[in-house]
**Student:** 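Take a look at the following structure, please.
By convention in this document, chain letters (A, B, ...) are assigned in the order of the sequence lines, proteins followed by strands, and residues within each chain are numbered from 1.
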Number of protein chains: 2
Amino acid sequence: MATEEERNAEPQKYYQVKTLKKSLDLLEYFTIEHPEWSISELSRASSLYKSNIFNILYTFMLCGYIEKIEGTEKYRLGKKFLDKAHIVHSNLTNFDLIHRALLELARSIPEIIYFGILNNFDVMYIDAAVPENRYITKSVIGMTAPAYCTGIGKALLSACKPEIVDKLLQTKLSPFTPQTITDPAKLKKELIKIRERGYSIDDREHSNNVKCVAIPIFDRNGNLYGAISASGPSSNFSQDVIEKYVDIIQYTARQIQPHL
Amino acid sequence: MATEEERNAEPQKYYQVKTLKKSLDLLEYFTIEHPEWSISELSRASSLYKSNIFNILYTFMLCGYIEKIEGTEKYRLGKKFLDKAHIVHSNLTNFDLIHRALLELARSIPEIIYFGILNNFDVMYIDAAVPENRYITKSVIGMTAPAYCTGIGKALLSACKPEIVDKLLQTKLSPFTPQTITDPAKLKKELIKIRERGYSIDDREHSNNVKCVAIPIFDRNGNLYGAISASGPSSNFSQDVIEKYVDIIQYTARQIQPHL
DNA sequence: GAACAGCGTTCTGAATAATAGAACAAATCA
DNA sequence: TGATTTGTTCTATTATTCAGAACGCTGTTC
């Protein structure tokens, strides 16, 4: 007879390499908010033995995925991730076409222009362009945000496979601002509306005082490719302005889509 | 008595997690030139068993480090690397200061402006800025090139710890163009010269017809922080122009260095 | 259309590798 | 000074890995 533990256990995936899984899970402790960890800290947080963590970090370090910070006993993620990210980035076909499109949009629209794709339930920002006289203070590539409360995210959700949306609607939609849509039924309606009119608006749903308008981009076969947005202070985004931006972005979209 | 195999073997690092090492080594097969691999291809290339690779890729896939390409039996690196690269990137202190500096330089200098750091014997490009009316066609972040034949690389080598240069000089300096410095003694002299005058020139040593001028950047304590370069068609870089660019970049460097 | 060759995937137990836990020196703190 | 806490070394036991066979599928060859 099965013990309680056995019954409660996840179905044993015999084809999962536990050592590897454990090691990769350890990397998740290294976040933007907490990028540096000592062996003892990791040991306490993960309830793995110090010697075990030492071995794993040592191996990651051999391969460049972890670096020891000079002069301290702390570790952080290594530059190898930049190297690998460069390869992932270059896998995205027609990156240069998108990049040029963003730069051109940034000349017509005095707001930050983003390109993003769907990664699970998150938007992942892949590229951005900034108009003259504006700056982006943090790096964009690899930045993520929940899809359900961002302009690009909602544009992507409105155009992606229904299964993904169905699954998302079963998760908790946490509020980021008072404007965040947290009711699944309301979000579903919103996505249908976006699908019909062809663009999404993020009205301070992720950050206070930030508004955003986004349009999904498809490849020549009609498959969802990504989404482009213009994003800035909410005071800049009256309904008139939004419609103007939609026209501009849609014009660009029509130009590049046959080449994707 | 030790067998031949035992004597020839690497000193057994007992604290290296072999399964993890092997798995990470597998990721190295996924390059820009060959980004997509099937299980059988990897099996032949690595001489690991198919079932073994299947397990490893499955586990990487669970964590987002590997993706299966839809409709095919091929795998490639996953978006998790972008996520992690974002964290590595944000670890670089004062990124926004550097970014603004590059943008300003791109307004005074009509060439591509790069910022890079030393990663082993390679330059890793971290950020770039492009003047109006110019484009960068490939993504910059995470891009690497050998240090000994690039402007930023030589600037960094001229200012880094002597041990690193000594080790580099023992490796083979492969030529990329007829201009590449492949003689260790000549490179050593060149680095001394660069150190004395404070800037480096890459005269078509990495790419034909591409010239580049670079200067090292130090933090407020005088530690090497990175290097900034201007890079473009060799015909644009006469000695006069180079000296002008050096002045401009050095002026910017003097402004930001106290804040690094 | 039968035989073959390739693929990804499933399964198992012999053999390997991982790691718990003790022990260490060195640094830090009280 | 003694008490903690740190990273690191070491090894025996145990848990995990993975070689190798087998399977079902797809596409190709004769």
Side-chain angles (χ1 to χ4, degrees), chain A residues 2-3 5-6 8-27 29-30 34-63 65-78, chain B residues 2-3 5-6 8-27 29-30 34-63 65-78:
Chain A
T3 66
E5 207 166 309
E6 276 165 352
N8 288 345
E10 294 273 311
Q12 170 63 23
K13 301 278 183 173
Y14 52 87
Y15 36 77
Q16 174 182 138
V17 183
K18 289 194 184 177
T19 306
L20 178 56
K21 179 67 163 57
K22 186 207 294 190
S23 304
L24 295 178
D25 286 346
L26 209 58
L27 294 177
Y29 285 96
F30 296 85
H34 194 160
E36 305 184 354
W37 290 80
S38 72
I39 288 181
S40 293
E41 282 169 353
L42 278 173
S43 172
R44 282 189 294 270
S46 65
S47 50
L48 294 174
Y49 278 79
K50 279 195 303 175
S51 57
N52 195 180
I53 298 203
F54 179 81
N55 292 337
I56 293 171
L57 289 189
Y58 179 83
T59 309
F60 272 130
M61 210 158 43
L62 279 180
C63 298
Y65 291 99
I66 287 284
E67 290 174 356
K68 197 166 186 175
I69 303 168
E70 258 186 282
T72 74
E73 296 292 350
K74 302 249 183 177
Y75 296 80
R76 68 175 161 211
L77 298 178
Chain B
T3 65
E5 206 166 309
E6 276 164 352
N8 288 345
E10 293 273 310
Q12 170 63 22
K13 299 279 182 170
Y14 52 87
Y15 37 76
Q16 174 182 140
V17 184
K18 289 193 185 176
T19 306
L20 177 56
K21 179 66 163 56
K22 187 206 293 191
S23 304
L24 295 177
D25 286 347
L26 208 58
L27 294 176
Y29 285 96
F30 296 85
H34 193 161
E36 306 184 354
W37 289 80
S38 72
I39 288 182
S40 293
E41 283 169 353
L42 278 173
S43 171
R44 281 190 294 269
S46 66
S47 49
L48 295 174
Y49 278 77
K50 280 195 301 176
S51 56
N52 196 180
I53 297 203
F54 179 82
N55 292 336
I56 293 171
L57 289 190
Y58 179 85
T59 309
F60 272 130
M61 210 160 39
L62 278 180
C63 298
Y65 291 100
I66 287 285
E67 291 174 355
K68 196 167 185 175
I69 302 168
E70 258 188 282
T72 75
E73 295 291 349
K74 302 250 183 176
Y75 296 80
R76 69 175 161 212
L77 298 178

**Student:** Classify Ser51(B) by what it touches in the nucleic acid, base, sugar-phosphate, or nothing, heavy-atom distance under 4.0 Å.
**Tutor:**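 Base, at least one base heavy atom under 4.0 Å.
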**Student:** Working to the nearest 0.5 angstrom, can you tell me the gap between Tyr58(A) OH and Ile39(A) CD1?
**Tutor:**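 The OH atom of Tyr58(A) sits 12.0 Å away from the CD1 atom of Ile39(A).
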**Student:** Could you check how far CD of Glu41(B) sits from C1' of dG6(C), rounded to whole Å?
**Tutor:**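 So the CD-C1' distance, Glu41(B) to dG6(C), works out to 12 Å.
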**Student:** Rounded to whole Å, please give me the gap between CG in Leu48(B) and P in dT17(D).
**Tutor:** 15 Å
**Student:** Round to the nearest Å and state the distance from Tyr15(B) atom OH to dC24(C) atom P.
**Tutor:**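 Value for this atom pair: 19 Å.
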**Student:** Quick one: is dT5(D) close enough that its OP1 or OP2 comes under 4.0 Å of any side-chain N or O from Arg44(A)?
**Tutor:** no
**Student:** Between dA19(D) atom C1' and Lys18(B) atom NZ, what is the distance in whole Å?
**Tutor:**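 Answer to the nearest Å: 16 Å.
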**Student:** Between Lys50(A) and Thr19(A), which residue's closest nucleotide on DNA chain D lies nearer the 5′ terminus?
**Tutor:** Lys50(A)
**Student:** Touch check for Lys68(A), heavy atoms < 4.0 angstrom, all strands: base, sugar-phosphate only, or nothing?
**Tutor:** sugar-phosphate
**Student:** Just wondering, do Tyr75(A) and Leu42(A) contact through their side chains at under 4.5 Å, heavy atoms?
**Tutor:**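 Sidechains of Tyr75(A) and Leu42(A): no contact.
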**Student:** At under 4.0 Å between heavy atoms, what does Lys21(B) touch on the DNA or RNA strands: base, sugar-phosphate, or nothing?
**Tutor:**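 Result for Lys21(B) = nothing.
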**Student:** Between dA18(C), dG7(D), dT9(C), which one does the side chain of Ile39(A) approach most closely?
**Tutor:**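 Ranking dA18(C), dG7(D), dT9(C) by closest atom to the Ile39(A) side chain puts dG7(D) first.
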**Student:** Quick one: do Tyr15(B) and Leu57(A) satisfy side-chain contact (heavy atoms from CB on, under 4.5 Å)? Show the steps, please.
**Tutor:** CA-CA 10 Å; Tyr15(B) 37 76; Leu57(A) 289 189; over 6 Å; no
**Student:** Within the 4.0 Å heavy-atom criterion, would you say Lys22(A) contacts the bases, only the backbone, or no part of the nucleic acid?
**Tutor:**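 Sugar-phosphate contact only - Lys22(A) comes under 4.0 Å of backbone atoms but never of a base.
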**Student:** Using side-chain heavy atoms (C-beta onward) and a distance below 4.5 Å, is Leu27(B) in contact with Ile66(B)?
**Tutor:** yes
**Student:** Roughly, in whole Å, what's the span from CG in Asn55(A) to C1' in dG7(D)?
**Tutor:** 12 Å
**Student:** Check the distance between dC7(C)'s P and Leu57(B)'s CG and give it to me in whole angstrom.
**Tutor:**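 Atom-to-atom, Leu57(B) to dC7(C), this comes out as 15 Å.
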**Student:** Side-chain N or O of Asn52(A) less than 4.0 angstrom from OP1 or OP2 on dA18(C)?
**Tutor:** no
**Student:** Kindly indicate whether the side chain of Glu41(B), heavy atoms from C-beta on, has any atom under 4.5 Å from the side chain of Lys74(B).
**Tutor:** yes
**Student:** Give a yes/no answer on whether the side chain of Ser38(B) brings an N or O atom under 4.0 Å of OP1 or OP2 in dC7(C).
**Tutor:** no
**Student:** Assign each of Leu20(A) and Phe54(A) to its nearest nucleotide of DNA chain D by heavy atoms, then name whichever residue's nucleotide is nearer the 5' end.
**Tutor:**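 Looking at DNA chain D, the more 5' nearest nucleotide goes with Phe54(A).
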**Student:** Separation of Tyr75(B) atom OH from dT9(C) atom C1', in whole Å?
**Tutor:** 9 Å
**Student:** Specify the separation, in whole Å, of atom OH of Tyr58(A) and atom C1' of dT19(C).
**Tutor:** 17 Å
